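Just so you know, these numbers come straight off a predicted model, no measurement behind them. Numbering starts at 1 and runs along the sequence shown. Note that these values count all heavy atoms, side chains included, but never hydrogens, waters or copies made by symmetry.
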Amino acid sequence: GKSMTYARNAWYVAGWSCDLGETPFAISILGDPLVIFRTTSGVAALEDRCIHRLAPLSRGRCEGDHLRCMYHGLLFDRQGKVVEIPGQKMIPPNAQIRAYPVADRHDWLWVWMGDPAKADESLIPQAVGLSDPDWVLGHGQMDYAAEARLICDNLCDFSHLSYVHANSFGATEDWAKSRPKVIPLERGVRFERWMEGQPRMAGRGEGLADVWQWYDFMVPGVLLMSSVALPEGSAAKHGYKAPAPDRALEGEGITFTSQAVTPLTDKTARYFFSWGPRKDQGDARLRDILMGVADTAFTEDRLMIEAQQQVIDRDPYHPIMPTSADKGVTLYNRLVEKMVREEAA
């Protein structure tokens, strides 16, 4: 029922690196208004509030390694320190706003929302960036009028595919009737499954295939998934285990998707996604077909989850009744709750 708090000691996706030009942009993450801007020595993130008269710095101007407030001209460095006040020599020693650790990796901009001393770039999930030469990826994003937790729950339980995505992904009822193998990770949950005798995806020929699919769902809401279609009988032939390490996979329809759920405020979220074939498996035309499918499917999710949020809002403490499909959801939510407790301590 009640709104869940989120782990702050984690890297949240704030946007696509390719979208950040010379103009700063504003985003709220976990209710904190941020300004993100590009400097001569990389990307920076500060609280979006000038210390002088509280104007938004996202309306500011980038100047080399600095950001100038375009109300009265105070100049901030990447660490949030005021380095110039026009017409005034003396700069108060406490003229400082909050700076957030930020990283530009896998073509995403990541912001660490917690204790800056704990910001460790090795904790950034291993997404596949748009510029990765091995993949042909399209990308998009979608805003939700719903809390991020509900989207994370949705991504940790694919039994919804059979009903929400019957038209877009062409998912059979097998997705709801079978269960993946669910493996706890240090900062996430791994899901693995064979789906036997599935119809091939659009543009992939006739007949049925065995599909191997695995994904990691990592704190604070990052999904990394690859899948491959193999001839019928392959699942049994491989003893229902992984067919090969990801980069060495043989088969067809090998695709990768990186997705990220970012809580903007209590009841709003932004969902980032990329998807496409491995370079030896498809081209820009296939990528565009997949992105069309993704856009339809993620709209199906959004309409259902926004409707679910409205029902929850009418009675926020109404209990839920988990099913056996909720194993991954429960493991992931427990992991986040444990992180939140440790942060509070």
Side-chain angles (χ1 to χ4, degrees), residues 126 128 134-138 154-185 188-217 223-259 273-283 285-294 296-298 300-301 323-329 331:
Q126 291 298 312
V128 173
D134 294 337
W135 301 89
V136 186
L137 300 173
N154 173 266
L155 294 173
C156 287
D157 172 15
F158 277 7
S159 68
H160 76 274
L161 264 66
S162 302
Y163 308 103
V164 179
H165 303 315
N167 297 327
S168 55
F169 287 140
T172 63
E173 292 228 324
D174 298 345
W175 290 89
K177 290 177 174 167
S178 68
R179 297 289 178 258
K181 186 176 178 188
V182 179
I183 305 155
L185 305 172
V189 182
R190 176 165 293 171
F191 299 80
E192 300 179 349
R193 76 198 313 172
W194 278 99
M195 299 295 287
E196 296 177 277
Q198 297 300 299
R200 289 170 194 269
M201 257 173 41
R204 287 295 180 186
E206 299 303 307
L208 301 177
D210 285 3
V211 176
W212 165 255
Q213 181 202 66
W214 70 259
Y215 67 99
D216 289 348
F217 195 76
L223 179 144
L224 307 170
M225 179 170 83
S226 77
S227 61
V228 57
L230 293 159
E232 269 196 294
S234 296
K237 194 181 94 185
H238 286 96
Y240 297 94
K241 293 188 169 59
D246 192 44
R247 298 269 161 177
L249 277 175
E250 296 298 330
E252 57 186 345
I254 299 173
T255 65
F256 199 96
T257 176
S258 299
Q259 304 174 13
F273 52 91
S274 66
W275 192 26
R278 200 169 71 184
K279 194 178 65 187
D280 61 337
Q281 296 269 324
D283 53 13
R285 193 186 71 87
L286 177 61
R287 172 200 69 199
D288 293 345
I289 291 172
L290 293 178
M291 288 309 290
V293 171
T296 305
F298 297 153
E300 291 165 343
D301 284 318
T323 69
S324 64
D326 284 303
K327 185 179 177 183
V329 178
L331 278 177

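Residues Ser159 and Ala325 come closest through the heavy atom pair OG-CB, 3.7 Å. Here the closest heavy-atom approach between residue Ser178 and residue Met195 is recorded as OG-SD, 3.7 Å. Closest approach of Arg193 and Trp212 over heavy atoms only: O-CE3, 3.5 Å. Minimum heavy-atom separation, Gly276 to Leu137: N-CD2, 3.4 Å.
At a threshold of 4.5 Å between non-hydrogen side-chain atoms, the residues Trp135 and Ile254 count as touching. Two residues are said to be in side-chain contact when any heavy atoms from C-beta on lie closer than 4.5 Å; Glu300 and Asn167 meet this criterion. With contacts defined as side-chain heavy-atom distances shorter than 4.5 Å, the pair Thr257/Leu223 qualifies. Annotation: side chain of Val182 is in contact with side chain of Val189 (closest heavy-atom distance under 4.5 Å). Counting heavy atoms from C-beta on, the side chains of Gln259 and Phe298 come closer than 4.5 Å. Annotation: side chain of Thr296 is not in contact with side chain of Phe169 (no heavy-atom distance under 4.5 Å).
In this structure, Ser258 OG and Trp275 CH2 are separated by 13.0 Å, a value rounded to the nearest 0.5 Å. Considering CE of Met225 and CZ of Arg190, their distance stands at 14.0 Å, rounded to 0.5 Å. Taking OH of Tyr215 as the reference point, atom OG of Ser226 lies at 12.5 Å (rounded to 0.5 Å). Distance check: Asp174 CG to Leu161 CG gives 11.5 Å after rounding to the nearest 0.5 Å.
The main-chain N or O of Thr172 is found under 3.5 Å from a side-chain atom of Ser162 such that the two form a donor-acceptor pair. In this structure, the side chain of Arg179 does not engage the main chain of Lys327 through any donor-acceptor pair within 3.5 Å. A donor-acceptor pair under 3.5 Å links the side-chain atoms of Asp326 to the main chain of Thr323, judged by distance alone. A donor-acceptor pair under 3.5 Å is formed between the side chain of Gln281 and the backbone N or O of Gly251.
Checked against the 6.0 Å centroid threshold, Phe191 and Phe158 do not count as a close aromatic pair.
With sequence neighbours excluded, the residues that form a side chain to side chain contact (heavy atoms under 4.5 Å, CB included) with Ala235 are Trp194, Glu196, Asp210, Tyr240.
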Inset, instruction - Quick one: do Val136 and Asp283 satisfy side chain to side chain contact (heavy atoms under 4.5 Å, CB included)? Show the steps, please. - result: CA-CA 6 Å; Val136 186; Asp283 53 13; 5.8 Å; no
Inset, instruction - Take Asp301 and Val164 through the side chain to side chain contact (heavy atoms under 4.5 Å, CB included) test and state the conclusion after the steps. - result: CA-CA 7 Å; Asp301 284 318; Val164 179; 3.9 Å; yes
